[in-house]
Protein chains: 2
Amino acid sequence: MQQGSDIAGEFVERWNAAAEVEQTGTCPVRDVLDKIGDKWSMLIVMYLAAAPKRFNQLHREIPDISQKMLTQTLRDLQRDGLVSRHVFDTKPPSVEYRLTGLGQSLIVPFGYLIEWANKSIPEIVEARACFDEIA
Amino acid sequence: MQQGSDIAGEFVERWNAAAEVEQTGTCPVRDVLDKIGDKWSMLIVMYLAAAPKRFNQLHREIPDISQKMLTQTLRDLQRDGLVSRHVFDTKPPSVEYRLTGLGQSLIVPFGYLIEWANKSIPEIVEARACFDEIA
DNA sequence: CTGTATCCCGTACGATACTG
DNA sequence: CAGTATCGTACGGGATACAG
């Protein structure tokens, strides 16, 4: 029960520190969480974790993403140094995206979260059912 | 480099499985990520990780959250079984919120993510600077 | 003290059309 | 193939006022 305290303390500290920066910039921790929370970033990272892929290859594997969001999300990931972009000057141009070292390092902690999610789903579902029943 | 592959595979599998459920319900993994991504859930979890707290106590410690979002976020966390709500029938009513076992178990994997974020911030910031400079 | 109800706005995202 | 540009919308979330 006390295991998380240090982590929690540091987290809150970081968060508040950023709040005092006022509009200058946002909290670095929130920054990361926002990416994780947005609709496509992590899905793309996971798809790229398997192997480097080309633009349309990703598009085919993730059919329900719009071209706009695929481009935009890849740009954001690239900007943050999680993904690198390689243009091949072939006849029809082709562009390959791959995880950087930083991007690959994200997979580990993110994996723990997925593991937690998968393990906890039954309990969450049950909690919801119980909660909704009463309400 | 290959460490994340299994995790990634399972993740993508889960994700797609939910996509096929069509509008019935959303992906369980996405479900969790959405909570982590939303503006206040994880901050509140971290604040409650230190100790159980009352409504206004939380409100005071997180001054920039609106009453609406504090209430709403706490309800969501309660619904998912991450937080429990205890009403004390005192003269001015008081309500205490505390993490459930499930809620506490989230702190561990989430902590890894925070750790990663903190460790990676310099690299991300540099990547951004580099990216923006070129553009 | 612990909420609920209402209004309002920014933006994340999708759909569609066009380009080198 | 790999994008960019434009438009429209749904919704997260803030501000404010009210209530038990």
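Being a predicted model, the structure only gives us computed values, none of them experimental. A, B, ... follow the sequence lines: proteins, then strands. Residue 1 opens every chain.
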**Student:** So, is A:R75 close to the D:dG3 phosphate, meaning a side-chain N or O under 4.0 Å from OP1 or OP2?
**Tutor:**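 Looking at the OP1 and OP2 atoms of D:dG3, one of them is under 4.0 Å from a side-chain N or O of A:R75.
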**Student:** Would you tabulate the pairs of protein nitrogen or oxygen atoms and nucleotide nitrogen or oxygen atoms of nucleotides 12-17 of chain D closer than 3.5 angstrom?
**Tutor:**
unit_1, atom_1, unit_2, atom_2, d
D:dG13, OP1, B:K39, N, 3.2
D:dG13, N7, B:K68, NZ, 3.2
D:dG14, OP1, B:K39, NZ, 3.0
D:dG14, OP2, B:S66, OG, 3.3
D:dG14, O6, B:K68, NZ, 2.3

**Student:** For B:L74 and C:dT2, give me the distance from atom CG to atom C1', rounded to whole Å.
**Tutor:**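 Those two atoms, CG and C1', are 11 Å apart.
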**Student:** Atom NZ of B:K91 to atom P of C:dC1: distance rounded to whole Å?
**Tutor:**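 It is 13 Å, rounded to the nearest whole Å.
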**Student:** Is the phosphate of D:dC1, meaning OP1 or OP2, less than 4.0 Å from a side-chain N or O of A:Y97?
**Tutor:**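 So the side-chain polar atoms of A:Y97 never come under 4.0 Å of the phosphate oxygens OP1 or OP2 of D:dC1.
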**Student:** In whole angstrom, what separates B:L70's CG from C:dC1's P?
**Tutor:**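 Computing the B:L70:CG to C:dC1:P distance gives 13 Å.
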**Student:** Decide yes or no for B:F110 and B:I36: does some side-chain heavy atom of the first lie under 4.5 Å from some side-chain heavy atom of the second?
**Tutor:**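 SC-SC contact between B:F110 and B:I36 confirmed.
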**Student:** When you check the phosphate oxygens OP1 and OP2 of C:dT2, does a side-chain N or O of B:R60 lie under 4.0 Å from one of them?
**Tutor:**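 For C:dT2, neither OP1 nor OP2 has a side-chain N or O of B:R60 closer than 4.0 Å.
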**Student:** In terms of ring plane angle, is the pair B:F55 and B:Y97 parallel, tilted or perpendicular, where the classes change at 30° and 60°?
**Tutor:**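 If you compare the ring of B:F55 with that of B:Y97, the planes turn out tilted.
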**Student:** Figure out the CD/C1' separation between A:Q78 and D:dG3, and round it to whole Å.
**Tutor:**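 Atom-to-atom, A:Q78 to D:dG3, this comes out as 13 Å.
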**Student:** Rounded to the nearest 0.5 Å, what separation is found between the OG1 atom of B:T73 and the NZ atom of B:K39?
**Tutor:**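 So the gap between those two atoms works out to 10.5 Å.
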**Student:** Whole Å only: how far is the CG atom of A:N56 from the C1' atom of D:dA2?
**Tutor:**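 Taking atom C1' of D:dA2 as the reference, CG of A:N56 is at 7 Å.
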**Student:** Output the rounded distance in Å from CG (B:L33) to P (C:dA12).
**Tutor:**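 Checked: the CG to P distance equals 18 Å.
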**Student:** Taking the side chain as C-beta and beyond, is there a heavy-atom pair between A:T100 and A:V83 under 4.5 Å?
**Tutor:**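 With C-beta onward as the side chain, the pair stays apart.
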**Student:** In this structure, which one of A:T71, A:L70, A:D76 forms a side-chain contact (heavy atoms from CB on, under 4.5 Å) with A:L74?
**Tutor:**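 Going through A:T71, A:L70, A:D76 one by one, the side-chain contact (heavy atoms from CB on, under 4.5 Å) with A:L74 is satisfied by A:L70 alone.
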**Student:** Hey, what do you get for OH (B:Y47) to CD (B:E61), rounding to the nearest 0.5 Å?
**Tutor:**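 If I round to the nearest 0.5 Å, the distance is 6.0 Å.
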**Student:** Are B:R128 and A:D80 close enough that some pair of their side-chain heavy atoms sits under 4.5 Å apart?
**Tutor:**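 A side-chain contact under 4.5 Å exists here.
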**Student:** Categorize B:T71 for me: base, sugar-phosphate, or nothing, with a 4.0 angstrom heavy-atom threshold over every strand shown.
**Tutor:**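 Base, at least one base heavy atom under 4.0 Å.
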**Student:** Between C1' on C:dC13 and CG on A:L43, what's the gap in Å once rounded to a whole number?
**Tutor:**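 That distance rounds to 15 Å.
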**Student:** Taking CZ from A:R54 and P from D:dG3, how many angstroms apart are they, rounded to a whole number?
**Tutor:**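 Rounded to the whole Å, the gap is 11 Å.
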